[in-house]
2 protein chains.
Amino acid sequence: MPDMSAQLDIVFAALADPTRRSILSMLLEDDMAVTDVAEPFEMSLAAISKHLTILTRAGLISQEKRGRVKWCKLEPDALRDASVWMQGFGQFEPVNLDAFEKFLETQLAPAASDSD
Amino acid sequence: MPDMSAQLDIVFAALADPTRRSILSMLLEDDMAVTDVAEPFEMSLAAISKHLTILTRAGLISQEKRGRVKWCKLEPDALRDASVWMQGFGQFEPVNLDAFEKFLETQLAPAASDSD
DNA sequence: TGTTTCGTCAACCGATTGGTTGAATATGCG
DNA sequence: CGCATATTCAACCAATCGGTTGACGAAACA
C-alpha cells in the first residue's frame with residue numbers, strides 16, 4: 001500500500017458527512033439495495049447514489065449488481081486503516097509520556113531488574 | 001452527547017487534508033509556534049494559519065498566545081472520540097497493536113525524508 | 001521612537017462539494 | 001411486446017474549500 005496519504009484523504013473525506021456515516025451504520029446490520037438505503041433519507045435517490053459512489057471509492061463499501069438491483073456491502077478494511085492512523089495520535093502521546101517517566105524511573109533506580 | 005455527529009463532521013473534515021495531518025504529525029513531537037509549523041510547507045503563512053484554525057475548531061489542537069508567539073499543542077481527545085466512533089464498526093476486533101506498531105514504523109521511521 | 005517579527009484579517013480566485021431535476025439505461029414482469 | 005422498477009448520467013446551482021495577496025495590529029527590540 002504505497003500512497004497511504006491519498007487513501008486517508010479519501011477515507012476521511014468520505015467519513016466527514018453525516019449522511020454517509022449514517023449509511024455505513026445502516027450497512028452494519030445487513031447488505032442493502034440502493035433504493036432501500038435511500039428510503040430513510042429526505043433527499044433524492046440520485047444524491048444517495050452519489051454518496052454511495054464516494055463510499056465505494058473510499059473502499060468503505062462495495063457494490064455488486066445482481067439483476068437490476070445493486071447491493072451495498074460494508075467493507076471495514078479501509079476503516080481499519082484510518083482507525084489505526086488515528087489510534088496513533090489518540091494513544092501515542094499519553095502512552096509515550098507515561099512510558100518515558102517509567103523509563104526514567106527504571107533507569108535511575110538502583111539494581112532495577114527488568115520485568116516486562 | 002447527542003450532537004456528536006456535528007463534531008465528527010468537523011473532526012473528519014479536518015483530518016481529510018494531508019497538510020493538516022502532516023501538521024498533527026509534527027505536533028506529536030513537540031509544541032510549535034505558528035511560524036515554525038509553516039516553515040516546512042510551500043505555502044503562505046496565512047494558509048497555514050487557516051489550517052491551524054480548522055484543527056483548533058475540530059479540537060485536535062489548542063493554541064495559546066505567549067507574547068507575540070502563538071503556540072500550537074496537539075489535543076488527542078477529539079481524535080480519540082472519532083476513533084471510538086470508528087470502532088463502533090468493529091465487527092472486526094478493535095485495533096490490534098501489531099498493526100499499530102507496524103504503522104508507526106512505516107509512518108515515523110522515514111520522517112527524515114519528510115523534506116518539505 | 002521607529003522597525004522588525006508574528007500572526008490574523010479581508011477580499012478575491014478557481015475547484016470541489018452536496019444537492020436538485022430530468023433524461024437515459026438496464027432489468028424484470030404481465 | 002409494453003410498462004414498471006432500479007439506478008445512473010448530465011447539467012446546473014449555491015456554498016464551501018484551499019490557496020493567494022496586501023493590509024493590519026500587537027509585541028519585541030534597536
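No side-chain heavy atom of K73(B) sits under 4.5 Å from any side-chain heavy atom of M32(B). Contact annotation: the side chain of L27(B) approaches that of I61(B) to within less than 4.5 Å [non-hydrogen atoms, C-beta and beyond]. With contacts defined as side-chain heavy-atom distances shorter than 4.5 Å, the pair L15(B)/M86(A) qualifies. By the 4.5 Å heavy-atom criterion applied to side chains, I23(A) and F41(A) are counted as neighbours. Q7(B) has its side chain out of reach of D81(B): every pair of non-hydrogen atoms, C-beta onward, lies at least 4.5 Å apart.
Taking the six-membered ring where tryptophan is involved, the planes of F12(B) and W85(B) are perpendicular, since the angle between them exceeds 60° and thus also 30°.
In this structure, the CD1 atom of I54(B) is 13 Å from the P atom of dC9(C), given to the nearest Å. Summarising the geometry, the separation between CH2 on W71(B) and C1' on dG7(C) is reported as 14 Å, rounded to the nearest angstrom. The separation between I10(B) atom CD1 and dT17(C) atom P is 19 Å, rounded to whole Å.
Annotation for S83(B) and S83(A): closest pair OG-OG, 4.0 Å, computed over non-hydrogen atoms.
The stretch residues 6-16 of chain B participates, sequence neighbours left out, in these salt bridge (charged side-chain N to carboxylate O under 4.0 Å, His left out) pairs: R21(A)-D9(B). Pairs engaging residues 52-67 of chain A under the side chain to side chain donor-acceptor pair (under 3.5 Å) rule: T56(A)-Q63(A), S62(A)-E75(A), E64(A)-R66(A) [sequence neighbours left out]. Pairs of residues two or more places apart, or lying in two chains, never qualify as salt bridge (charged side-chain N to carboxylate O under 4.0 Å, His left out) while including a residue from residues 36-56 of chain A.
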Got a list of protein N/O to nucleotides 24-27 of chain C N/O distances below 3.5 Å?
from	atom 1	to	atom 2	distance (Å)
dT27(C)	O3'	R68(A)	N	3.3
dT27(C)	O2	R68(A)	NH1	3.4

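Applying a 4.0 Å cut-off to non-hydrogen atoms, the residues of residues 43-51 of chain B that approach DNA chain D are M43(B), S44(B), A46(B), A47(B), K50(B), H51(B), listed by residue number.
Of all nucleotides in DNA chain D, those with any atom nearer than 4.0 Å to a heavy atom of chain A start and finish, going 5' to 3', at dA4(D) to dA11(D).
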